Amino acid sequence: MVLGDTLLDRDVEGLVNRLCPDSPVPVLDETVSVDRPGGAGLAAVFAAAQGADVALVTAVADDAGGARLGTLLAAAGVRLYALPLAGATPEKIRLRARGRVLLRHDRGGTSGAPGQPSDAVLRLIADASAVLVSDYGRGVAAHPALRAALTATRAPVVWDPHPRGPGAVPGVHLATPNEPEARDLAKTPPGGSRLAVASRSAHALRRRWQARAVAVTLGGDGALLSHAGSTPLVVPAPPAEGDTCGAGDRFASTATLALARGALVSEAVQEAVAEASAYVAGGGVATALPAPVRAVAPAVVTGGGDRIGAAAAGEVVARVRAAGGTVVATGGCFDLLHAGHVATLQAARQLGDCLVVCLNSDASVAGLKGPERPVVPQGDRGRLLAALGCVDAVLIFDEATPEAALSWLRPDIWVKGGDYASGGGPETLPETDILARWGGHTVVVPYLDGRSTTDMIAAARAGRGSGGWPVDPAEAVAQVRSTAKGAR
């Protein structure tokens with residue numbers, strides 16, 4: 001399990017061939033942009049890429065940045081346990097040319113305090129095989145309920161601290177500050193060699209935090225480990241040059257996985273030094289980021305007013321939550337919107353104070369139902385849904401399941417329409433386990449018999465009229481698209 005603050009990182013690569021005419025600064029012509037989870041999110045992605053089953057406890061805002069993080073984490077195979085976060089998602093944007101950073105642009109400002117963890121989160125901490133606290137000074141590691149659970153867990157805990165964050169909880173197995181962080185946190189006075197200063201800092205932090213061990217990372221020179229006894233262990237690193245962004249997260253996640261396997265602290269630190277050095281030498285985060293994460297395209301918001309897209313959904317959800325209301329969500333393809341769909345949506349809206357529809361994108365529908373679907377493109381399907389009085393927002397997602405969208409939205413109620421009498425009930429739905437992460441519930445509402453998009457398409461193609469539908473398939477499609485156009 002990884003616990004801490006997650007940011008949205010974006011690397012903008014480009015070429016610099018000229019200076020700006022109105023000021024002597026380089027002009028970056030963008031060639032490619034890559035988004036990725038940063039902070040605790042990046043540490044979780046690294047652990048998942050090494051084959052671990054990873055759950056991430058972090059605070060996520062109700063905005064487009066939070067939705068983007070949910071999608072990226074799901075693509076990496078990380079299960080997101082999101083705490084509510086007031087304010088905006090913090091973002092770090094690095095402008096790069098020829099592999100070098102020209103400028104870093106931070107935005108998102110100061111976030112509010114994270115919300116309360118669910119019972120599922122507290123059980124997760126108790127049951128984890130190992131816990132990495134990846135603190136970036138934004139409040140998750142300081143939450144009293146989380147700190148109490150971390151103190152009580154029997155799992156090995158690795159604490160990657162931040163100068164603006166709290167101290168480690170008593171008894172952690174390993175703390176992993178870098179050299180400047182260790183000096184700052186320990187308030188170590190100058191004097192003596194580099195190793196002497198690092199050793200004094202590590203010893204002071206180990207005593208203050210009652211930690212079993214403290215490893216001070218020394219960049220390209222490896223790490224200094226202060227553990228039992230007064231003599232530190234210095235672990236040298238093999239030569240490595242390259243982008244060091246994320247090397248600390250790689251070090252901490254590797255050490256945590258080693259401890260989960262039963263390694264000694266000294267063995268875990270040696271493995272972490274070797275892995276972090278190989279990471280830098282191999283090109284850093286640009287090459288280490290898993291292919292599924294790199295392949296996640298930015299969300300494209302098609303028109304249709306202010307009720308479609310992540311920003312619209314986040315705004316609705318944030319407003320309802322602030323008023324103490326109930327957030328309801330449902331999902332589906334909604335190809336050829338019919339009376340059965342409308343009945344489900346109206347019933348769902350009556351269960352709470354807003355209804356967000358998670359809509360499968362064209363790519364998602366084609367993957368689920370075949371290359372001839374959908375009949376109606378996602379832009380028109382979204383507009384039709386948004387035009388209904390019972391729908392407050394529409395969120396389009398590309399994945400086969402709405403897991404990423406749900407992990408970000410965290411609805412109180414997830415609604416499915418249909419007859420589940422033969423297959424069980426809401427407890428059999430795959431979304432039930434996801435909703436349990438934050439204490440949400442799944443329910444089933446009655447579905448109008450005899451209404452099926454598949455049957456309607458089959459009837460049209462067979463030339464059978466039904467309920468006023470044209471018997472010609474081309475006319476059927478034209479009628480649907482005409483209806484969608486009129487709802488814009």
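Keep in mind that what you see is a predicted model, and the values were worked out from it rather than measured. Numbering starts at 1 and runs along the sequence shown.
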Side chain to side chain donor-acceptor pair (under 3.5 Å) contacts touching [range] (sequence neighbours left out):
| range | result |
| --- | --- |
| residues 182-192 | T188-S201 |
| residues 46-57 | D53-R79 |
| residues 270-285 | R250-E275, R261-E271 |
| residues 147-165 | D160-T176 |

Taking the side chain as every heavy atom from C-beta outward, state whether [X] and [Y] have any atom pair closer than 4.5 Å.
| X | Y | result |
| --- | --- | --- |
| L15 | L28 | no |
| Y136 | P90 | no |
| L233 | S226 | no |
| V443 | I413 | yes |
| P161 | L205 | no |
| P84 | R321 | no |
| P411 | W438 | yes |
| S134 | D249 | yes |

Nearest 0.5 angstrom please: [X] [atom1] to [Y] [atom2], how far?
| X | Y | atom1 | atom2 | answer |
| --- | --- | --- | --- | --- |
| R107 | L7 | CZ | CG | 12.5 Å |
| L69 | L56 | CG | CG | 9.0 Å |
| D11 | R104 | CG | CZ | 11.0 Å |
| R36 | L72 | CZ | CG | 10.5 Å |
| H143 | L150 | NE2 | CG | 11.5 Å |
| L42 | L289 | CG | CG | 7.5 Å |

With sequence neighbours left out, what residues match [X] under side chain to side chain contact (heavy atoms under 4.5 Å, CB included)?
| X | value |
| --- | --- |
| C354 | V316, V320, V327, D392 |
| A263 | A258, E267 |
| A318 | D62 |

(request) Show your working on side-chain contact (heavy atoms from CB on, under 4.5 Å) between V2 and V57 and close with a plain yes or no. (result) CA-CA 6 Å; V2 180; V57 175; over 6 Å; no
Which heavy atom in [X] sits nearest to a heavy atom in [Y], and how many Å separate them?
| X | Y | result |
| --- | --- | --- |
| A48 | V54 | N-CG2, 3.5 Å |
| A255 | L174 | CB-CD2, 4.0 Å |
| I434 | S407 | CG2-OG, 4.3 Å |
| L435 | H441 | CD1-N, 3.9 Å |
| V27 | L19 | CG2-C, 3.8 Å |
| D63 | A88 | OD2-CA, 3.4 Å |

Measure from the side-chain N and O atoms of [X] to the backbone N and O of [Y], and report whether any donor-acceptor pair falls under 3.5 Å.
| X | Y | result |
| --- | --- | --- |
| S253 | F46 | no |
| S361 | S364 | yes |
| D5 | G137 | yes |
| R206 | H227 | yes |
| T330 | K416 | no |
| D106 | K92 | no |
| T6 | G41 | yes |
| W408 | A61 | yes |

Could you give the side-chain donor-acceptor pairs of residues 209-225 under 3.5 Å, partners two or more places apart or in another chain?
from	atom 1	to	atom 2	distance (Å)
R212	NH1	H173	NE2	3.1
D221	OD2	R194	NH1	2.3

(request) Verify side-chain contact (heavy atoms from CB on, under 4.5 Å) between M1 and I125, making sure each step is shown before the conclusion. (result) CA-CA 7 Å; M1 193 196 94; I125 297 173; 3.6 Å; yes
(message) Please check if the number of heavy atoms outside E315 that lie under 6.0 Å from its CD is greater than 12.
(response) no
(message) Within a 6.0 Å radius of atom CD on E241, are there more than 12 heavy atoms belonging to other residues, nucleotides or ligands?
(response)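 No.
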(request) State whether a side-chain donor-acceptor pair under 3.5 Å links T326 with D412. (result)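 Side chains of T326 and D412: no pair found under 3.5 Å.
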Return the set of residues passing salt bridge (Lys or Arg N to Asp or Glu O under 4.0 Å) with [X] (not counting sequence neighbours), or none when no residue passes.
| X | result |
| --- | --- |
| D29 | R18 |
| R208 | none |
| D353 | none |

(request) Begin with the C-alpha distance, continue with both residues' side-chain angles, and end with the deciding distance and a verdict on salt bridge (charged side-chain N to carboxylate O under 4.0 Å, His left out) for R94 and D9. (result) CA-CA 8 Å; R94 299 195 307 166; D9 283 356; over 6 Å; no
(message) Checking D243 against R96 for the salt bridge (charged side-chain N to carboxylate O under 4.0 Å, His left out) test, could you report, in this order, the C-alpha distance in whole Å, the side-chain angles of both residues, the deciding distance, and whether it holds?
(response) CA-CA 11 Å; D243 186 0; R96 298 162 47 98; 3.0 Å; yes
(request) List the steps, then state whether side-chain contact (heavy atoms from CB on, under 4.5 Å) holds for V172 with V158. (result) CA-CA 6 Å; V172 299; V158 175; over 6 Å; no
(message) Under 4.0 Å between a side-chain nitrogen and a carboxylate oxygen: does that hold for D35 and R10?
(response) yes
(request) Show the numbers, then the answer: is there a side-chain contact (heavy atoms from CB on, under 4.5 Å) between L359 and L395? (result) CA-CA 6 Å; L359 178 65; L395 177 64; over 6 Å; no
(request) Name all residues meeting the side chain to side chain donor-acceptor pair (under 3.5 Å) criterion together with E403; count only those two or more places apart in sequence or in a different chain, and write none if there are none. (result) R437
